[in-house]
Amino acid sequence: MKHKTQKLAVRLLPPVAALVLAALQLCGCHSQPGNAPPKIEFTKIPPAAQGGRERVETISGKVTGARPGQQIVVYVRSGPWWVQPWPDQALIPIRADSTWSTPTHLGFEYAALLVEPGYHPAPTMDVLASPGGSIVAEQIVKGSGPVQVAPTVALHFSGYDWKARTIASDRGGLNNLYDGDNAWTDASGALHLRIKKHDGRWSCAEVTLTRSLGYGTYTMVARNASHLEPAAVFSMATFDDWGGDQHYREMDVEMSRWGDAGSKNNAQYGIQPFYVPGNVAPFVLPAGTVTHSLHWESGRASFRTVRGSSMRDGAPVVAEHVFTSGVPTPGTEFLQFMFYVVASEKSPMQKESEVVIEKFEYLP
């Protein structure tokens with residue numbers, strides 16, 4: 001009886017083993033795709049070029065391992081990361097063959113994010129979000145070919161070389177044109193910045209130093225800027241296109257009412273991000289020539305404005321403020337003078353305008 005039982009067990013073993021093996025194979029077949037993380041590839045990469053609305057290319061790619069309902073979001077880096085092609089068209093469907101494609105404005109780097117249903121892309125990001133939560137996967141690539149920088153117009157002012165912007169910008173929430181003709185020096189050496197109307201749009205001015213200066217004292221002597229319309233902005237600022245991790249190393253003295261004609265303040269000092277309490281110090285700018293200075297050192301940004309054309313001892317102080325929190329460290333920031341228009345429903349820009357900077361000085 002014992003011998004017969006052993007034979008029966010031997011006869012039953014092969015079918016059981018086969019069943020177990022089949023089950024293992026079935027589990028392995030289904031678990032393999034689930035264990036492999038999704039992957040994003042680029043099949044068409046636009047050029048590496050300075051961004052702007054003037055030029056649009058196509059960016060394309062392929063996704064492996066995506067689940068139904070997931071979509072692609074593309075960002076372009078030109079200063080901040082900008083969602084493409086527009087905030088209301090940011091969710092890009094993945095086709096049945098796993099490919100995707102979208103128009104995009106240009107930038108120096110391009111990023112594709114695989115996102116879950118219901119994801120709401122931010123219009124811009126200082127630092128690109130990392131995978132996690134609703135962002136399933138991410139791939140970043142540099143633009144193709146040599147870097148293309150928009151043409152600029154050369155200027156020489158106060159012993160320094162500058163370049164004037166010539167392409168449009170969304171600074172201030174309004175897409176303004178920029179023209180090299182809106183910045184020039186006169187016979188006395190003063191720098192003029194102008195806002196003018198061109199084909200029904202405002203054309204603005206922006207000039208940037210051609211080299212980074214770092215820590216030190218930056219001084220600007222400006223003629224009367226208290227007369228500006230509420231929607232006009234005149235500023236001296238540091239800015240680093242590659243400094244997103246330090247809010248672009250932006251520190252400003254700005255003359256504007258930011259579109260609010262009722263504002264009692266028409267100027268402010270600030271460091272980014274402006275939404276942080278204490279990062280903006282507003283004040284009232286008087287009529288006449290004033291001198292603005294920024295003294296930048298480790299952990300400290302000291303702003304001061306006085307009446308007259310120098311920071312001489314005894315000059316009447318208009319305003320002063322010291323920032324000691326969130327002050328950036330030097331990187332590849334450049335000083336800029338800007339004169340542009342912000343969006344305003346209540347007090348839109350009405351007339352052409354001009355400001356004059358008599359002198360710029362830097363002391364290390």
E109/K142 salt bridge by N-O under 4.0 Å criterion: yes
Residues E116, R67: salt bridge by 4.0 Å N-O rule: yes
Could you tell me which non-hydrogen atom of [X] sits nearest to which non-hydrogen atom of [Y], and how far apart they are?
| X | Y | value |
| --- | --- | --- |
| W81 | V127 | CD1-C, 4.3 Å |
| S309 | E358 | CB-OE1, 4.1 Å |
| Y178 | S169 | CE1-CB, 3.5 Å |
| V221 | T291 | CG2-OG1, 3.6 Å |
| H321 | G278 | NE2-O, 4.5 Å |

W202 and Y340 aromatic centres sub-6.0 Å: no
is_close_aromatic(F360, Y160), centroid dist under 6.0 Å: yes
Chi angles and distances behind the side chain to side chain contact (heavy atoms under 4.5 Å, CB included) call for E138, I140: CA-CA 7 Å; E138 177 182 285; I140 304 172; 3.8 Å; yes
Can you tell me how far the [atom1] atom of [X] sits from the [atom2] atom of [Y], to the nearest 0.5 Å?
| X | Y | atom1 | atom2 | result |
| --- | --- | --- | --- | --- |
| I59 | S144 | CD1 | OG | 9.5 Å |
| C204 | L174 | SG | CG | 8.0 Å |
| R304 | S293 | CZ | OG | 7.0 Å |
| S60 | F42 | OG | CZ | 10.5 Å |
| T185 | L155 | OG1 | CG | 6.5 Å |
| D179 | I195 | CG | CD1 | 13.0 Å |

With R201, the side-chain contact (heavy atoms from CB on, under 4.5 Å) member among N176, V341, N175: N175
Check against side chain to side chain contact (heavy atoms under 4.5 Å, CB included), I357 and L193: CA-CA 8 Å; I357 304 171; L193 303 178; 4.1 Å; yes
For residues 234-244, which side-chain N or O atoms pair as donor and acceptor with protein atoms under 3.5 Å away, sequence neighbours left out?
from: T238; atom 1: OG1; to: R249; atom 2: O; distance (Å): 2.7
from: T238; atom 1: OG1; to: M251; atom 2: N; distance (Å): 3.1
from: D240; atom 1: OD1; to: W242; atom 2: N; distance (Å): 3.0
from: D240; atom 1: OD1; to: T332; atom 2: OG1; distance (Å): 2.6
from: D240; atom 1: OD2; to: R249; atom 2: NH1; distance (Å): 2.6
from: D240; atom 1: OD2; to: T332; atom 2: N; distance (Å): 3.1
from: D240; atom 1: OD2; to: T332; atom 2: OG1; distance (Å): 3.2

Greater than 12 external heavy atoms within 6.0 Å of R95's CZ: yes
Sole residue of H105, Q50, Q148 in side chain to side chain donor-acceptor pair (under 3.5 Å) with R55: Q148
Identified side chain to side chain donor-acceptor pair (under 3.5 Å) partner of Y269 from the options N279, T305, D252: T305
Verdict with supporting geometry, V290 and L285, side chain to side chain contact (heavy atoms under 4.5 Å, CB included): CA-CA 9 Å; V290 296; L285 182 72; 3.9 Å; yes
R77 to F108, cation-pi by 6.0 Å centre distance and 45° axis angle: no
